[in-house]
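Here the structure comes first, spelled out in structure tokens, and everything after it is commentary.
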Protein chains: 2
Amino acid sequence: MFISKTSEYALRILTYMALNNETQFSAQSLYEELEIPKRYLMRLLTDLSKSGFINATRGRSGGYVFARPIETIYFSEIINSVEDLQSFEGCVLGNSVCPVDKPCALHHIWEKPKQAFLETIKTTTLADLLL
Amino acid sequence: MFISKTSEYALRILTYMALNNETQFSAQSLYEELEIPKRYLMRLLTDLSKSGFINATRGRSGGYVFARPIETIYFSEIINSVEDLQSFEGCVLGNSVCPVDKPCALHHIWEKPKQAFLETIKTTTLADLLL
DNA sequence: ATAAATTAATACTTACAGGTATTATATTGT
DNA sequence: ACAATATAATACCTGTAAGTATTAATTTAT
């Protein structure tokens with residue numbers, strides 16, 4: 001499982017845009033490149049626009065462009081915009097509380113993969129894909 | 001997100017059983033200890049029994065006991081019994097194909113956390129909780 | 001002005017994980 | 001034998017993520 005399908009889509013869209021530096025991307029062109037159901041893609045683009053990752057312009061020669069430099073867009077922020085990142089931070093066993101002094105049985109075992117995941121998404125930006 | 005709620009429950013049940021070595025656990029007693037909806041817990045116990053982790057005995061003094069030594073029960077196996085582990089192995093971006101010679105943009109970035117996760121669950125058994 | 005081409009808003013539908021209810025089956029103490 | 005106490009099987013309900021449909025708003029070429 002790992003991340004939701006919507007997170008997958010959001011990452012797919014933005015990584016594609018970051019890697020193909022065209023001046024602008026239309027929903028149509030993104031639909032043709034990425035394998036995402038068209039109407040869902042369009043709605044997601046509006047969401048990503050509202051979240052401030054991209055700017056939309058309507059009308060005949062409209063489309064989407066990055067609203068900010070891609071050096072400032074972290075994967076954690078993208079994922080967090082479509083699902084709750086908090087659910088990754090919490091206890092593996094889903095315990096409401098998992099206190100430091102008396103953590104759940106799996107706590108220390110889970111730390112390593114969890115940190116590897118969080119660190120990766122929190123320290124990697126879209127620009128890092130170009131390196 | 002990471003793992004499904006059902007996986008969480010399955011882990012919670014079996015880790016609890018591993019850590020509290022009573023001769024037998026009734027659904028009732030597990031319900032009182034773990035915070036899992038009762039009927040769902042009972043169904044899950046039957047599933048875990050069918051999967052061969054535990055043996056169930058019915059009737060007046062029935063309950064559940066481990067069917068195998070806990071040294072042989074890996075977390076990967078538990079998770080895999082209630083959801084598809086394959087979904088963790090696959091491409092982060094959910095691409096149907098993500099070929100080695102031309103992997104997706106996030107491929108190498110994702111490798112580290114993914115391997116950390118898979119290695120942990122594939123090399124850790126319930127018995128390791130007792131160490 | 002008008003039509004074409006684009007995104008936006010909103011509401012609806014679907015699929016599935018998670019949760020519930022009911023009835024059946026097995027075991028054991030009396 | 002019978003009642004009590006377990007688990008098993010099966011069907012149903014529900015909430016939410018994912019996907020679809022419809023209509024509105026905006027821009028631009030002619």
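Protein chains get the first letters and strands the later ones, always in sequence-line order, with residue 1 at the start of each.
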N/O (side chain, [X]) to phosphate O (OP1/OP2, [N]) under 4.0 Å:
X     : N      : result
A/S26 : C/dT6  : no
A/Y31 : C/dT6  : no
B/K38 : C/dG19 : no

Restricting to ring pair (Phe, Tyr, Trp, His ring centres under 6.0 Å), what partner residues turn up for A/Y40, sequence neighbours left out?
A/Y9
Extract from the structure each pairing of a protein N or O with an N or O of nucleotides 28-30 of chain C at less than 3.5 Å, listing the distance.
none

Please, which pairs that meet ring pair (Phe, Tyr, Trp, His ring centres under 6.0 Å) have at least one residue in residues 41-89 of chain B, sequence neighbours excluded?
A/F2-B/F88, B/F88-B/F117
With a 4.5 Å limit on heavy-atom distance, are the side chains of A/E8 and B/V92 in contact?
no
Taking the side chain as every heavy atom from C-beta outward, state whether A/I78 and A/I121 have any atom pair closer than 4.5 Å.
no
In whole angstrom, give the distance that lies between atom [atom1] of [X] and atom [atom2] of [N].
X     : N      : atom1 : atom2 : result
A/L41 : D/dA21 : CG    : P     : 15 Å
A/R39 : D/dT23 : CZ    : P     : 11 Å
B/L34 : C/dG19 : CG    : C1'   : 17 Å
B/E35 : C/dG19 : CD    : P     : 13 Å
A/K50 : C/dT7  : NZ    : C1'   : 12 Å
A/D47 : C/dA9  : CG    : P     : 10 Å
A/L44 : C/dA9  : CG    : P     : 14 Å
A/L45 : D/dG19 : CG    : C1'   : 15 Å

Closest-nucleotide mapping onto DNA chain D: is B/A56 or A/I36 further toward the 5' terminus? I mean the 5' end.
B/A56
Considering residues at least two apart in sequence or located in another chain, which fulfil the side chain to side chain contact (heavy atoms under 4.5 Å, CB included) criterion with B/S29?
B/F25, B/S26
Once side chain to side chain contact (heavy atoms under 4.5 Å, CB included) is applied, do any residues pair with A/S4, and if so which ones, sequence neighbours excluded?
A/T6, A/S7, A/E83, B/M1
Would you tabulate the side-chain donor-acceptor contacts of residues 108-116 of chain B under 3.5 Å, counting partners in other chains and residues two or more places apart, or write 'none'?
unit_1, atom_1, unit_2, atom_2, d
B/E111, OE1, B/Q115, NE2, 3.4
B/K114, NZ, B/E89, O, 2.7
B/K114, NZ, B/G90, O, 3.4

Suppose we screen for side-chain hydrogen bond (donor to acceptor under 3.5 Å, both in side chains). Which residues come up paired with B/E32, at least two apart in sequence or across chains?
B/Q28
Not counting sequence neighbours, which residues clear side-chain hydrogen bond (donor to acceptor under 3.5 Å, both in side chains) with A/S51? List them please.
none
Taken in chain and number order and not counting sequence neighbours, the residues that satisfy salt bridge (Lys or Arg N to Asp or Glu O under 4.0 Å) with A/R39 are none
Closest to the A/Y64 side chain, choosing from C/dT7, C/dG19, C/dA21:
C/dT7
If you look only at pairs with a residue in residues 62-75 of chain A, which of them pass as a salt bridge (charged side-chain N to carboxylate O under 4.0 Å, His left out), with sequence neighbours excluded?
A/R68-A/E77
Can you name the atoms? Protein N/O to nucleotides 16-18 of chain D N/O, anything below 3.5 Å, with the distance.
unit_1, atom_1, unit_2, atom_2, d
D/dA18, OP1, A/K5, N, 2.9
D/dA18, OP2, A/T6, OG1, 2.3

Scan side-chain atoms only and decide if A/T57 and A/Q24 contain a donor-acceptor pair under the 3.5 Å cut-off.
yes
Near-strand residues of residues 74-83 of chain B, defined as heavy-atom separation under 4.0 angstrom from DNA chain D:
none
